Amino acid sequence: MAESNIFSMILAALGDPVCLLLTMVGTIMGVVFGCLPGLSATMGVALLVPLTFSFPPLYALSMMLAVYVASMSGGAISSILINIPGTPSAVVTTLDGYPMAMQGRASEAIGWSNMSSFFGGFISWAILVFVAPPVARFALKFGPAEYAALALFGLTIIASVSGKSLIKGIISGLIGLWLSVIGVDPIVGNFRFTFNSMNLMNGISTIAALVGFYALPQILESITEPEREASINVKDNKLFYIPNFVELWKNKFNLIYSSIIGTIVGIIPATGGNIASFLAYDHIKRLSKHPEKFGKGCAEGVIASEAANNGVTGGALIPLLTLGIPGDSVTAVLLGGLMIHGLQPGPQLFSKQPNLVVGIFTTILIANILTAVVMFTGNKAFIKILKIPTYFLAPMLIILSVVGSYALRGSFFDVGLTILLGLFAYLMSLGGFPMAPTVLGLVLGPLFEGEMRRALILSAGSWSIFFVRPISLVLIILSLLVCFIEVKKAFQKRDTEAITI
Amino acid sequence: MDKRIAEVWVLGLTSILAVYFLVMNYQLPDVGGIGPRTFPAFIFWAILVLNGVRAIVLFRDFQQTKSKDKGKLTIWSVIPHIPHKTLVSIGMIILYVVLCKIVGFVIASSLYVLSASWFLASGRKRSFVKYLTISVAFTLIVYLTFSYAFKINLPQGIWGGF
């Protein structure tokens, strides 16, 4: 796919009104999921996977990607207005956004947050469009050994997203792998662990697992959270502020620098918006002429945080689309969504379905533009949404979860499975087990097992195939390196905690 | 609640299931080399080993906090202390799914949203008419959207033949 053709194809794709409409719906949904604490982008995308199953792949992806992009921006609303980040990546926005709101500058904080979110999203989109095709071309050289090594590298991300306990994270990842081996064996076609049930012949429904692991536990946890309706603090009534050109020019370095930091962090697996915004905030504070103003209502802090966390979106899609490796939980769910539509992200996607890839690029661009429009015009509506009480929201989300798991096959078995997995996931979350590794294991398990066995068949059972091919060898070394670093970090943490005690 | 108690449950459940799956795994045909048994066997053994490691850590932790936990942690407290609100909500979800199969999506969902929101809002000023209107309106929006826009047939229950 030549880069010169991409832009003409993007212009053509922009003309699809249904796609535009669905992206708009996804954008609004994303902002809502982003701004409501307790709901997340992952949950929004997980709920959308089954609901959009009957759509053509591009339409379904338009909505899912719009939710992903818009939720990053939406998280800032609650950060600024109620000092509770709507998403983990908006944590840093509270540092200056909330003090600005307390000073009667909520509109200014939201205006800057919207503008920088757009900048971050746009710059990362541009990088995605230029970087993804050459990476995909390079990845065309991959054979089974390289794919197995790549999947192994993807699985080592489990160690990085394990949270406080590495062992708990690995157990979670193994549970995901466990779910992935139920169904037909990828090579010889035997049925494994199906209990002679027709419903399990095709394996555990990815949708049931996604909704079960990401939607149900969060909904059940939100039930016992305190209501937030009384805590909204808005002193200025305008709530409409667009930074003018002079102000933008003054902050050009911050906008571009933070967006690039966000994109680079996004490319690195197992990082995400929160790390990007912390990094950008810290760098901008250090480079600022008045660092003492940071944390006391400084617009530059909001700009750095929001440009960086939105910059992550385009960056995180580079390994997902070109190599099929998700870097975090949202992209893992997105990968699940792609697979449900029969698509396997990776170089083949670029060579066999260039129109779909361009459609994805276009959707991300549109989603960024629409998010800015929605955020600039819908502030008052979002304040009302923030006031929706949990006692209405939770049952409604349960209905959507049930409908979502039922919709794919019209089967109550899937609904039961969703609830069963959801209750188990809730128990896991009570026990401090992270959910992201389970989803990573579930989506990467079949790729790893299938490609590893194919590679071994090619080499007549010799494991040397993984070490004589340079790309595979590099990926295995990287995987070992990640494991080593994470184990070292876990031991250091244990020692520090022991000293503290 | 004590995180450790929920962890004991997760470790216990996964260990029992891992042993059961491991037995099932060895009943699969052996094709030699890296076959259909190999990867699952690795997963189940790894889970058992790591669960064992966590169990040792937990046991040592329980021993260390024994004096503090005395009287609080008994054999029965291995049942996780899930909040009352959440337990009732889980029961309502299960009842909703059963009801959905019998009476269909519209009636079951309206009843579920009404009863769940009414229950979760207990202790507040509640208006039955408002709650009923919201429940029915939401259910109808979802039903019409899925049936007509997405062309997905939602459960009709006993009304399916009409």
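Predicted model, so just to flag it, every value in this text is computed and none were measured. Below, read A as the first sequence line, B as the second, and so on, with proteins coming before strands; counting in each chain starts at 1. Heavy atoms only: backbone and side chains are in, while hydrogens, waters and symmetry mates are out.
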(request) Sort F21(B) into side chain, backbone, both or neither according to what part of it lies under 4.5 angstrom from a heavy atom of chain A. (result) both

(message) Rounded to the nearest 0.5 Å, what separates atom CD in E451(A) from atom CG in L444(A)?
(response) 12.0 Å

(request) Below 4.5 Å from any heavy atom of chain A, which atoms of F105(B) appear? Answer side chain, backbone, both or neither. (result) side chain

(message) Heavy-atom pairs under 4.5 Å with chain A - which of L28(B), L11(B), I94(B) has more of them than the others?
(response) L28(B)

(message) Tell me whether the rings of F39(B) and F42(B) are parallel (<30°), tilted (30 to 60°) or perpendicular (>60°).
(response) parallel

(request) Go through P155(B), A46(B), A121(B), S109(B) and name the one with the most non-hydrogen pairs under 4.5 angstrom from chain A. (result) P155(B)

(request) Tell me, out of R54(B), M92(B), R37(B), who's got the most heavy-atom pairs with chain A below 4.5 Å. (result) R54(B)

(request) Please flag which part of A108(B) lies under 4.5 Å from any non-hydrogen atom of chain A: side chain, backbone, both or neither. (result) neither

(message) Does the plane of the ring in Y391(A) sit parallel, tilted or perpendicular to the ring in Y131(B)? Use 30° and 60° as the thresholds.
(response) parallel

(message) With chain A as the partner, which of V53(B), I90(B), V142(B) has the greatest number of non-hydrogen pairs under 4.5 Å?
(response) I90(B)

(request) Measure the spacing between OG of S172(A) and CD1 of I175(A) and express it to the nearest 0.5 Å. (result) 5.5 Å

(message) Atom OH of residue position Y148(B) - does it have more than 12 heavy atoms of other residues, nucleotides or ligands inside 6.0 Å?
(response) no

(message) Using a 4.5 angstrom heavy-atom cutoff, name the option from I187(A), T52(A), L423(A) with the most pairs to chain B.
(response) L423(A)

(request) Sort Y59(A) into side chain, backbone, both or neither according to what part of it lies under 4.5 angstrom from a heavy atom of chain B. (result) neither

(request) Give, as side chain, backbone, both or neither, the part of F191(A) having an atom under 4.5 angstrom from any heavy atom of chain B. (result) backbone

(request) Working to the nearest 0.5 Å, report the span between CD1 of I223(A) and CD1 of I398(A). (result) 6.5 Å

(request) Could you tell me whether a side-chain N or O of E449(A) sits under 3.5 Å from a main-chain N or O of L447(A), the two making a donor and an acceptor? (result) no

(request) Calculate, to the nearest 0.5 Å, the distance between atoms CG and OG belonging to L421(A) and S205(A) respectively. (result) 9.0 Å

(request) Heavy atoms only, distances under 4.5 angstrom: which of A116(B), S117(B), P36(B) has the most pairs with chain A? Name it, please. (result) P36(B)

(request) Hey, could you give me the OG/CG distance between S110(B) and L140(B), rounded to the nearest 0.5 Å? (result) 6.0 Å

(message) Using a 4.5 angstrom heavy-atom cutoff, name the option from F55(A), F448(A), W178(A) with the most pairs to chain B.
(response) W178(A)

(request) Between chain B and each of F193(A), F433(A), F392(A), count heavy-atom pairs under 4.5 Å; write down the option with the most. (result) F193(A)

(message) Using heavy-atom distances under 4.5 Å, tell me whether Y20(B) contacts chain A through its side chain, its backbone, both, or neither.
(response) side chain

(message) Using 0.5 Å steps for rounding, measure from the CD1 atom of I93(B) to the OG atom of S401(A).
(response) 8.5 Å

(message) Below 4.5 Å, heavy-atom pairs only: which of V415(A), I419(A), V403(A) has the largest tally toward chain B?
(response) V403(A)

